[in-house]
Number of protein chains: 2
Amino acid sequence: MPRKHSAADAPLRLDNQICFAVYSAAHAFNRVYKPLLDRLGLTYPQYLVMLVLWERDDVPVKDIGEKLHLDSGTLTPLLKRLEAAHLVKRTRSSEDERQVLIALTPQGQALKDKARAVPQSILAASDCSVSELVAMKDEIVALRDRLNAVIGE
Amino acid sequence: MPRKHSAADAPLRLDNQICFAVYSAAHAFNRVYKPLLDRLGLTYPQYLVMLVLWERDDVPVKDIGEKLHLDSGTLTPLLKRLEAAHLVKRTRSSEDERQVLIALTPQGQALKDKARAVPQSILAASDCSVSELVAMKDEIVALRDRLNAVIGE
DNA sequence: TCACATTTAATTGTTCGCAATTGAATGTGG
DNA sequence: CCACATTCAATTGCGAACAATTAAATGTGA
């Protein structure tokens, strides 16, 4: 009775790993987003930062980091690039000089209108109903939060 | 009737984006994996390459790239680091000298036994039944494949 | 056979992502 | 008031990830 794989190896098989499903799905999203975001002059992580700022402007770096689960080592250079692109302004808070507040420029605000086309294109590319996507999103978020709970945050 | 957000903005809200759910879940996985893989001396992408090689040894770089959706720009330096760690051997194929074949060293093979503990720890961290995880994985893979179909691969 | 296209890795340059450290500003206990 | 810890952003260094290019090997058609 020949077997291609040992049963003991099943947990190590690539196709059985949910982490690889998530990892490769994230890269697939990135590739779908790329041509859309190129038109806005943004990378995907930059787009995420803009999403945060379009919801609430003039926030410290730390708040952005908490929402996106990113630290200053990632955000500081990214925000400097957004500033070089004239989409945001970085200013030290006068109340607390440790903080740097990130505010949208008029161009940064204006980009929001062009960005509205993006979620529509992604929905189309997903080839899936909105309700299915919402259900999946909620499941994935729940899993993510359980993982984050383990590493204590 | 004051509203915090315009309904027209709903598609742009961070928490409504499945892509961000996937993106942040991938990073959460990475953080859970990190202490486990540190013990093996591997990064997460290196672990993925080892998973491929533990299933099938002595494969060209291109095959690894197709399974993991990565290109030579990512894999070449990664494989050189695995070679420097004495886990793999890189040799030009004699039949087709364009190809570089990746083979496990005895140490690379031996690492598989230490790696068996990893999926168990991840399962525990997920705080979720195996059947639920399998169902989620299949959904995410299906979504990923639909996205990949759009960008043509 | 020979020009030409294709395939395969490697290389270069840019941007993330994170650990670890630094330095300045702020908060706190004695 | 002052030593001390904490907070916050910036910096440094390393490892992905990918686009674009290069170079060598191989395949193909006239």
Side-chain angles (χ1 to χ4, degrees), chain A residues 20 23-35 37-38 41-50 59-66 68-85 88 90-102 148 151 153, chain B residues 19-20 23-35 37-38 41-50 59-66 68-85 87-88 90-102 148 151 153:
Chain A
F20 176 64
Y23 168 90
S24 55
H27 288 309
F29 267 118
N30 216 326
R31 285 190 285 268
V32 173
Y33 268 101
K34 181 143 201 333
L37 296 181
D38 277 349
L42 295 173
T43 65
Y44 180 68
Q46 290 169 5
Y47 173 68
L48 291 180
V49 169
M50 295 302 285
V59 292
V61 173
K62 186 177 201 307
D63 285 21
I64 299 175
E66 278 169 4
L68 300 181
H69 309 282
L70 296 174
D71 70 0
S72 71
T74 301
L75 287 174
T76 295
L78 187 155
L79 291 167
K80 285 184 176 175
R81 283 187 282 271
L82 288 181
E83 187 175 45
V88 306
R90 299 163 61 248
T91 50
R92 287 255 161 216
S93 164
S94 49
E95 300 102 53
D96 185 343
E97 298 224 334
R98 289 171 302 184
Q99 295 186 344
V100 168
L101 298 177
I102 308 299
N148 280 334
I151 55 186
E153 84 173 44
Chain B
C19 65
F20 177 64
Y23 168 91
S24 56
H27 289 310
F29 266 118
N30 217 325
R31 285 190 284 269
V32 172
Y33 267 102
K34 181 145 201 333
L37 295 181
D38 277 348
L42 295 173
T43 65
Y44 180 68
Q46 289 169 6
Y47 173 69
L48 291 180
V49 169
M50 294 302 284
V59 292
V61 173
K62 184 174 203 306
D63 286 20
I64 299 175
E66 277 170 4
L68 301 181
H69 310 283
L70 296 173
D71 69 0
S72 71
T74 301
L75 287 174
T76 295
L78 187 156
L79 290 167
K80 285 183 177 175
R81 283 187 281 271
L82 288 180
E83 187 175 45
L87 295 174
V88 307
R90 300 162 60 249
T91 49
R92 289 256 160 215
S93 165
S94 48
E95 299 102 53
D96 185 344
E97 298 225 333
R98 291 171 301 186
Q99 295 186 345
V100 169
L101 297 177
I102 309 299
N148 280 334
I151 54 186
E153 84 171 46

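Within every chain, numbering begins at 1; the chains are lettered A, B, ... in the order of the sequence lines, protein sequences first and strands thereafter.
Atom CZ of B:Phe20 and atom C1' of C:dG17 are 14 Å apart (whole Å). In this structure, CG of A:Leu68 is placed 13 Å from C1' of C:dC16, rounded to the nearest angstrom. With rounding to whole Å, A:Leu42 atom CG is found 15 Å from C:dC16 atom C1'.
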Letter by letter from the 5' end, nucleotides 9-22 of chain D scores (B base, S sugar-phosphate only, - none; protein heavy atoms under 4.0 Å) BBB---SSBBB---

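Partners of B:Asp96 according to the side-chain hydrogen bond (donor to acceptor under 3.5 Å, both in side chains) rule, which considers only residues two or more places apart in sequence or in another chain, are B:Arg98. Residues forming a side-chain hydrogen bond (donor to acceptor under 3.5 Å, both in side chains) with A:Lys80 (at least two apart in sequence, or on another chain): none. Not counting sequence neighbours, the partners of A:Arg90 by the side-chain hydrogen bond (donor to acceptor under 3.5 Å, both in side chains) test are A:Glu83. Residues meeting the ring pair (Phe, Tyr, Trp, His ring centres under 6.0 Å) test with A:Tyr47, sequence neighbours left out: A:Tyr33. Partners of A:Glu66 by side-chain hydrogen bond (donor to acceptor under 3.5 Å, both in side chains), not counting sequence neighbours, listed by chain and number: A:Lys62.
Closest-nucleotide positions on DNA chain D for A:Glu66 and B:Ser94 were compared, and the one nearer the 5' end corresponds to A:Glu66.
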Applying side chain to side chain contact (heavy atoms under 4.5 Å, CB included) to A:Ile64 and A:Val59, what does each step give before you reach the verdict?
CA-CA 7 Å; A:Ile64 299 175; A:Val59 292; 3.7 Å; yes

